[in-house]
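For reference, the structure discussed in these notes is given below.
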Number of protein chains: 2
Amino acid sequence: MSNSGAMPLNQRIRGDIEGNIRSGAWPPGHRIPSEHALMVEYGCSRMTVNKVLAMLADAGMIERRRRAGSFVSRPHPHIEQVALEIPDIPIVVAARGHVYGYRLLQRQLRKSRAGHPQEHELGSQDRLLALQCLHLADGRPLALEQRVIDVATVPEALQQDFGVLAPGSWLLRTVPWTRAQHRISAVNADATQSAALAVAVGTACLVIDRHTWRGEQPVTYVRQVFLGEAYDLVARFAPGLR
Amino acid sequence: MSNSGAMPLNQRIRGDIEGNIRSGAWPPGHRIPSEHALMVEYGCSRMTVNKVLAMLADAGMIERRRRAGSFVSRPHPHIEQVALEIPDIPIVVAARGHVYGYRLLQRQLRKSRAGHPQEHELGSQDRLLALQCLHLADGRPLALEQRVIDVATVPEALQQDFGVLAPGSWLLRTVPWTRAQHRISAVNADATQSAALAVAVGTACLVIDRHTWRGEQPVTYVRQVFLGEAYDLVARFAPGLR
DNA sequence: CAGTGGTCTAGACCACTAT
DNA sequence: TAGTGGTCTAGACCACTGC
């Protein structure tokens, strides 16, 4: 096949191969034509197909072994990864067709508390900006957010009163972060949480704990407690993620 | 710098750049040296640095614009993705130092039930293998699993009685799948779940719903109900995932 | 318009390994 | 040992776009 469309050749090759993999036509373990075969098939130089295959290997879609050839990857069953989407709450509320609401419950400048390892990971003797706020959808409570911001890393946060704009939204726009970690669990709402969320004590809630760093500097730690029935997370997996 | 080590030049270049990004030395938005500059710095041809930068761009770590240059990516705040690890339950139990246990509660060959959209997505008039089983850690219930397997896609499943080996483990080893989707939520345990898990009715549980396909063919649908206190999911984010 | 990336060539030598 | 990938070269032309 010659390059009939306006698309660059390498993109066409990549598209063809990815299509065969994603459609299942080439199942995991299937052997992909060699660089030489593809070079002949597409009438191009070896570097062109090599770059395509190297990228697919880099993305984890294929595995390459000298002398043996290139093969469609098997999803690794033991330490599997899926792409989990954790959007900013106002965005996701709007995306689901609800009216977003926000209420600041507490704003406090203090030192890190003893017995709170999450806070201790932030600047230990530095000051922390502690916030408690509520996210609402169509006027009804959706999530309770408890957040601490490391003032040493984000001094600009002191200028913000967070009365109108949720701290998460502000941080995401303002502070470039490089690393984050999440922990997802389920809890029965305690007295404080049930009061804030206006549900019965013991209601199942989905909890997201999130740490964010910029390089080695901690930026923020947040715990978001969602009504389990009203919120969920969706993750997908396809070869190569993304 | 000349190539002092045994490492291929492109890997060294990539390592240098990735190091600068992951360490935060080059924060999001930072401009990366041009291909020409890197070519001079490393004393190599342009193709070598181009391949490195193209791969980093493909991995989402950098963004490239003609005439403007290459820049460290900003994590996208709105539709952000994190890598969520969802290992096979026996593996994760063992990894946490517990003794894994398994009990098959039910095994049934039947048609898909009306009013169950998850089952209807599987082969509609085909037969389904419906399983209910329990995962235990140190002899105590950890998760209740309700699974249906599409017999049309996985006929070998009929030969398995799943009395000893968990169906998830067997499937992951046996059936090559190409796509999966997960939904994570929190529920209060109902009568069935609380009985199986030996906890009080209403206990908060973490629920993972998972669909798996091979190409366009559905393979299996499973709902795993975990004790919220005993299990959690961890996700991380770093530039370029992986 | 000049600098940047995007693509591509037609070779080369080497490393590894399945047969 | 022959086939495969891994790496690299020294150019080339083009497309775009910010200065």
Side-chain angles (χ1 to χ4, degrees), chain A residues 1-18 20-21 26 28-74 240 242, chain B residues 1-18 20-21 26 28-74 240 242:
Chain A
M1 305 176 188
S2 60
N3 189 344
S4 51
M7 184 178 291
L9 185 52
N10 71 63
Q11 286 183 31
R12 199 158 63 83
I13 300 174
R14 178 165 184 166
D16 289 350
I17 296 174
E18 282 202 31
N20 279 322
I21 295 176
W26 289 355
H30 181 270
R31 181 176 168 159
I32 290 173
S34 73
E35 294 190 354
H36 183 77
L38 291 169
M39 182 181 93
V40 172
E41 174 183 350
Y42 287 95
C44 62
S45 76
R46 197 184 140 212
M47 264 303 287
T48 301
V49 296
N50 174 275
K51 201 168 173 180
V52 169
L53 294 180
M55 276 191 167
L56 290 175
D58 193 63
M61 282 187 75
I62 68 174
E63 286 163 18
R64 317 194 72 196
R65 295 198 304 276
R66 284 187 169 105
R67 167 71 199 194
S70 303
F71 303 85
V72 178
S73 295
R74 297 177 189 279
R242 189 166 2 275
Chain B
M1 305 175 188
S2 60
N3 189 344
S4 50
M7 185 178 292
L9 185 52
N10 72 62
Q11 286 182 30
R12 199 160 61 85
I13 301 174
R14 180 168 182 164
D16 289 351
I17 296 174
E18 282 202 31
N20 280 321
I21 294 176
W26 289 355
H30 181 270
R31 180 174 171 161
I32 289 173
S34 73
E35 293 189 355
H36 183 75
L38 291 169
M39 182 181 93
V40 172
E41 175 182 352
Y42 288 94
C44 63
S45 75
R46 196 183 142 215
M47 264 304 287
T48 301
V49 295
N50 174 276
K51 202 170 172 179
V52 169
L53 294 179
M55 276 191 166
L56 291 175
D58 193 63
M61 282 189 75
I62 68 173
E63 287 163 17
R64 317 193 71 193
R65 294 195 306 276
R66 284 184 167 107
R67 167 71 201 192
S70 303
F71 304 86
V72 178
S73 295
R74 297 177 190 280
R242 191 171 354 280

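The chains referred to below are lettered A, B, ... by the order of the sequence lines, with proteins before strands, and numbering in each begins at 1.
Regarding contacts with the backbone of dT9(C), a side-chain N or O of Thr48(A) is found under 4.0 angstrom from either OP1 or OP2.
Taking all atoms of both residues into account, the shortest heavy-atom contact from Pro33(A) to Leu38(A) is O-CD1, 3.6 Å. The minimum heavy-atom distance linking Asn50(A) with Lys51(B) is given by the pair OD1-NZ, 2.5 Å. Annotation for Val52(A) and Asn10(A): closest pair CG2-O, 3.4 Å, computed over non-hydrogen atoms. Considering every non-hydrogen atom in both Arg64(B) and Leu53(B), the closest pair reads NH2-CD1, 3.3 Å.
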Query raised in the report: What string of B, S and - do you get for nucleotides 12-19 of chain C, 5' to 3', when a contact is any protein heavy atom under 4.0 Å?
Result: B--BBBBS

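Looking at the side chain of Ser70(A), the nearest of the listed nucleotides dG5(D), dT9(D), dT7(D) is dG5(D). Across dG6(C), dT7(C), dG11(C), the shortest atom-to-atom separation from the side chain of Arg64(B) is found for dG6(C). Nearest to the side chain of Lys51(A), among dT4(D), dT7(C), dT9(D), sits dT7(C). Relative to the side chain of Met47(B), the nucleotides dC8(C), dG11(C), dT4(C) differ in distance, and dC8(C) lies closest. Each of dG5(C), dT7(C), dC8(C) was ranked by its minimum atom distance to the side chain of Glu35(B); first place goes to dG5(C). Of the candidates dG5(C), dC8(D), dC8(C), the closest approach to any side-chain atom of Asn10(A) belongs to dC8(C).
For the pair Ile13(A) CD1 and dT7(C) P, the interatomic distance rounds to 12 Å; values are reported in whole Å. The separation between Ile62(B) atom CD1 and dG6(C) atom C1' is 13 Å, rounded to whole Å. Atom pair Leu38(A):CG and dC8(C):P shows a separation of 14 Å (rounding to whole Å applied). Atom CE of Met7(A) is separated from atom P of dC8(C) by 11 Å (rounded to the nearest Å). At whole-Å resolution of the value, CE in Met55(A) and C1' in dG6(C) are 11 Å apart. Remark: C1' of dT4(D) and CZ of Phe71(A) are 10 Å apart, rounded to the nearest angstrom. Look at CG on Leu53(B): it is 13 Å from P on dT4(C), rounded to the nearest Å. For the pair Asn50(B) CG and dT7(D) P, the computed distance is 15 Å after rounding to whole Å.
Checked against salt bridge (charged side-chain N to carboxylate O under 4.0 Å, His left out), Glu63(A) has no partners two or more places apart in sequence or in another chain. By the salt bridge (charged side-chain N to carboxylate O under 4.0 Å, His left out) test, Arg46(A) pairs with Glu35(A), sequence neighbours left out. Every residue two or more places apart in sequence or in another chain that forms a side-chain contact (heavy atoms from CB on, under 4.5 Å) with Arg65(B) is listed here: Ala68(B), Phe71(B). His30(A) is linked by a ring-ring contact (aromatic ring centres under 6.0 Å, His included) to Trp26(A), counting only residues two or more places apart in sequence or in another chain.
Each of Cys44(A) and Gly69(B) has a nearest nucleotide on DNA chain C; the 5'-most of these lies closest to Gly69(B).
Within the 4.0 angstrom heavy-atom criterion, only backbone atoms of the sugar-phosphate kind lie near Gln11(B); the bases stay farther away. Residue Ser34(A) is in sugar-phosphate contact alone, with no base atom involved, counting any heavy-atom pair closer than 4.0 Å across all strands shown.
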